[in-house]
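So you know, we letter chains A, B, ... as the sequences are listed, proteins then strands, and number each from 1. No experiment lies behind these values; they were computed from the predicted model shown.
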Amino acid sequence: MAKTLHTLVVLVENKAGVLARVAGLFARRGFNIESLAVAPTPDERFSRITFVVDVASAPLDQVVKQLDKLINVVEIRQLPPAESVERELMVATVNASAAQRGEIMDLVRIFEARVLNVGPDHLMVSLSGSPGRVDDFEDLLRPYGIVELQRTGRIALPRLSRTTTPA
Amino acid sequence: MKLNGGQALMKSLELEGVDVLFGLPGGATLPLYDPLIDSSIRHILVRHEQGAGHMAEGYAHVTGRAGVALVTSGPGATNIVTPLCDAYMDSIPLVVITGQVPYAAIGTDAFQEADTTGITMSVTKHNFLVTEAQDIPQVIHDAFHIATTGRPGPVLVDIPKDIVDPNNPRSGLDWHEPDGHDLPGYNPATEVDPELIRRAADLIVAAERPVIYSGGGILKARAAEALRDLAELTEIHVVTTLMNRGGFPDDHPLCLGMPGMHGNYTAVTALQESDLLITLGARFDDRVTGKVDAFAPHAKIIHVDIDAAEIDKVRRADVGMRGDCRAVIEALVAELRGRSGLHTVDRSSWNQTISGWQERYPLTYEQSAPGEALKPQFVLEQLRDGTPDDTIVVSGVGQHQMWTSQWWKFNHPYTWVNSGGLGTMGFAVPAAIGAKVGRPDRMVWAVDGDGCWQMTSQELVTAAAERIPVKIAILNNAYLGMVRQWQEMFYDERYSEVYLSPDLPDYVGWSRAMGCEAFRVEDVDEVESVIAKANEIDDRPVVVEFRVESAEKVFPMVPSGRSNSDIVVDPSQQG
């Protein structure tokens with residue numbers, strides 16, 4: 001079945017246990033959270049949580065209303081993927097023998113990724129970009145043998161109006 | 001002023017106007033119980049923490065103020081989870097204070113440690129783990145604010161022992177009275193939207209078969225009078241859900257009584273056949289709607305609720321309004337008063353249909369022959385007629401609860417106390433004690449089942465010791481009656497594990513051993529006189545055991561998961 005992904009950006013009070021309260025509302029209904037990113041905001045009283053969930057719209061509306069009831073939740077924004085800019089960071093260690101290294105470096109250049117660490121038989125690379133672009137890069141690295149890989153979960157902001165988007 | 005955390009807690013509770021605490025001390029609450037000796041707050045020592053929670057609920061039900069319970073860490077806290085969940089489901093304002101192991105010991109699996117805030121997160125409106133003594137005054141102030149405003153609910157405050165222990169330097173604080181709240185994510189206030197009021201009024205004046213579907217939110221919003229104004233102005237009939245019994249008087253000509261699974265035929269069918277449901281502080285609970293897809297299929301919906309999450313949750317509203325029921329109803333009444341043509345739609349045929357149902361399908365039961373066991377409905381009629389009109393009635397959960405709601409006449413708000421959402425067996429005895437503490441001027445009768453009574457009856461020791469003269473009617477049918485009814489109707493009369501025996505325990509002997517007066521009634525002729533005798537006893541609790549017919553069932557009934565159109569009436573009315 002096709003996924004119906006929704007991005008929710010939730011501003012919460014920066015207090016112990018708040019993430020558990022918020023995540024608990026998804027868990028209670030058996031929704032799996034696809035992606036989650038949390039960080040403090042410039043205002044140290046608050047943190048921002050970005051969720052990506054795979055769920056039909058109607059149940060999501062109910063979860064959003066329930067989230068809004070939580071005392072520590074200050075603001076909720078739903079960001080439709082088409083109307084937002086999403087970013088994610090990936091860090092991966094891949095097998096890179098002397099023979100393979102040139103090919104991997106080509107991919108790094110094409111994707112404007114970065115090399116973070118070089119070992120005799122491995123490269124550690126990082127890429128930040130849209131989730132789809134990070135997926136593509138991961139797919140292309142996989143044949144070389146991915147030793148370890150971590151992704152941050154996505155963060156999002158609403159897309160600016162067309163007229164102000166740089167060409 | 002220098003105080004320790006325990007002293008600050010007591011002072012904070014006094015500032016909130018708390019006059020009674022229901023609780024049971026333990027290791028982690030020793031420093032909270034010590035300053036209690038010097039406090040003006042009355043403490044009622046329960047026998048089990050579940051009792052403390054339900055007592056606080058009973059108190060809150062009848063007073064509208066937050067009930068407060070104080071229990072220890074670990075098992076004290078886990079024992080009060082059921083009342084927390086009960087209060088959460090029924091929107092009862094509660095503040096529960098739990099002791100916790102010292103802050104440094106949290107997470108070490110210390111003796112009597114439990115992750116209380118974690119355990120109760122999903123059954124409280126909010127909870128707090130206080131980590132600094134200095135925070136106690138503000139947290140208590142916030143806890144009462146959250147519990148009693150907006151959609152009321154239970155709030156738990158977990159307090160580590162070291163920050164309240166006078167022997168620990170961490171417990172010292174400079175006393176300060178809280179100055180307001182800092183809760184940026186909490187906005188309980190609502191404004192009435194005049195445009196929505198106009199749209200609702202449009203639907204009301206145009207409706208041919210309207211019904212007011214009133215729920216517990218009426219009582220929470222102190223909106224009983226406003227509801228009456230609305231009904232009388234519009235001449236629209238009112239159903240009162242299980243949670244709003246008494247919120248509109250049963251003796252009012254526009255009152256249809258309780259809808260739902262065991263509602264009366266007219267209330268159920270009027271909802272089902274209506275073309276407009278004016279839904280006020282009700283939440284389309286499955287016990288009211290039956291099969292949701294088949295519920296009131298022709299009705300447009302006006303839905304008013306203080307909790308935005310209730311709007312469109314179960315049934316999409318044509319006009320959905322987040323708002324305080326009283327404010328919205330008053331605005332609606334003002335708008336409708338200004339309308340010409342308020343009564344231009346002819347509703348006489350709808351009103352005749354309703355009175356036709358009322359005549360054809362009144363609540364009924366077959367009287368027992370002399371020498372046979374009592375009919376529970378008969379006992380309730382006698383109890384109803386033999387007690388003051390404003391008696392507070394408390395029930396447990398099951399057949400007796402439904403019979404009580406059906407056969408009592410609730411003519412005053414805040415006279416009906418029960419566990420509607422969670423359906424907590426064992427609610428009645430402790431809740432009745434709490435109700436009597438909250439309203440000592442009123443007669444309080446609990447109607448309990450034999451199964452329910454055995455769950456929490458030990459709290460009658462509390463009532464006897466504290467001289468709280470509640471009256472308990474046990475309808476002893478020797479069974480877990482509602483389960484028996486379902487086994488009879490839906491499981492081929494295969495009665496699996498529902499028989500309790502009429503004689504074991506000896507209810508009269510047990511009650512007397514707990515310090516109560518107690519009677520057993522087996523004969524129809526004794527019912528009235530024993531009730532009168534019980535009514536006269538005012539210095540201790542009274543338990544009256546009525547031996548009632550085991551096979552008696554609650555009718556009408558909408559079988560679970562079926563449409564309300566499939567309502568099953570009393571066998572004498574079938575066909």
Side-chain angles (χ1 to χ4, degrees), chain A residues 4 6 8-33 36 38-51 53 55-80, chain B residues 85 88 91 103 106-107 115-132 135 138-139 142-143 145-147 149-158 160 181-188 190 283-284 292 305-317 320 322:
Chain A
T4 30
H6 298 267
L8 292 181
V9 182
V10 184
L11 185 71
V12 299
E13 287 187 87
N14 189 2
K15 288 183 175 170
V18 175
L19 180 61
R21 288 175 202 278
V22 173
L25 276 176
F26 292 94
R28 187 173 167 188
R29 284 173 172 74
F31 298 165
N32 193 20
I33 295 171
L36 173 66
V38 193
T41 67
D43 183 338
E44 64 184 20
R45 294 175 300 156
F46 304 118
S47 289
R48 191 166 270 120
I49 309 176
T50 309
F51 287 100
V53 284
V55 59
S57 299
L60 183 73
D61 281 346
Q62 182 53 216
V63 172
V64 168
K65 285 176 170 178
Q66 296 291 342
L67 281 177
D68 207 22
K69 284 170 69 169
L70 294 178
I71 306 296
N72 301 126
V73 169
V74 178
E75 187 190 273
I76 304 168
R77 292 162 94 180
Q78 290 192 58
L79 295 179
Chain B
C85 191
Y88 189 59
S91 307
Y103 189 63
I106 290 177
D115 171 17
T116 303
T117 48
I119 289 167
T120 59
M121 203 171 268
S122 62
V123 295
T124 50
K125 185 172 173 183
H126 192 56
N127 60 22
F128 296 91
L129 171 64
V130 189
T131 55
E132 305 288 340
D135 297 341
Q138 186 67 53
V139 167
D142 290 346
H145 178 62
I146 293 167
T149 53
R151 180 175 184 166
V155 177
L156 180 137
V157 182
D158 199 29
H181 305 283
D182 180 22
L183 298 165
Y186 184 58
N187 305 300
T190 56
R283 59 187 178 91
F284 297 88
V292 173
D305 204 292
I306 190 73
D307 180 356
E310 290 302 333
I311 314 282
D312 296 336
K313 183 180 85 174
V314 175
R315 176 75 178 256
R316 199 191 60 78
R322 182 192 174 204

Would you give me the side-chain donor-acceptor pairs under 3.5 Å for residues 64-71 of chain A, sequence neighbours excluded?
unit_1	atom_1	unit_2	atom_2	d
A:Lys65	NZ	B:Ile311	O	2.7
A:Gln66	NE2	A:Gln62	OE1	2.7
A:Lys69	NZ	B:Asp307	OD2	2.5

Interchain contact, A:Arg28 with chain B, by part (heavy-atom threshold 4.5 Å)
side chain
Could you grab the distance from atom CZ of A:Arg21 to atom CG of B:Asn127, nearest 0.5 Å is fine?
4.5 Å
How about B:Tyr103: does its OH atom have over 12 heavy atoms from other parts shown lying under 6.0 Å from it?
no
What residues, two or more places apart in sequence or in another chain, satisfy salt bridge (charged side-chain N to carboxylate O under 4.0 Å, His left out) together with A:Arg48?
none
Would you name the heavy atoms of A:Asn72 and B:His126 that are closest together and state the gap between them?
OD1-CE1, 3.2 Å
Look up atom CZ in B:Phe128 and atom NZ in A:Lys15, then write down how far apart they are to the nearest 0.5 Å.
7.0 Å
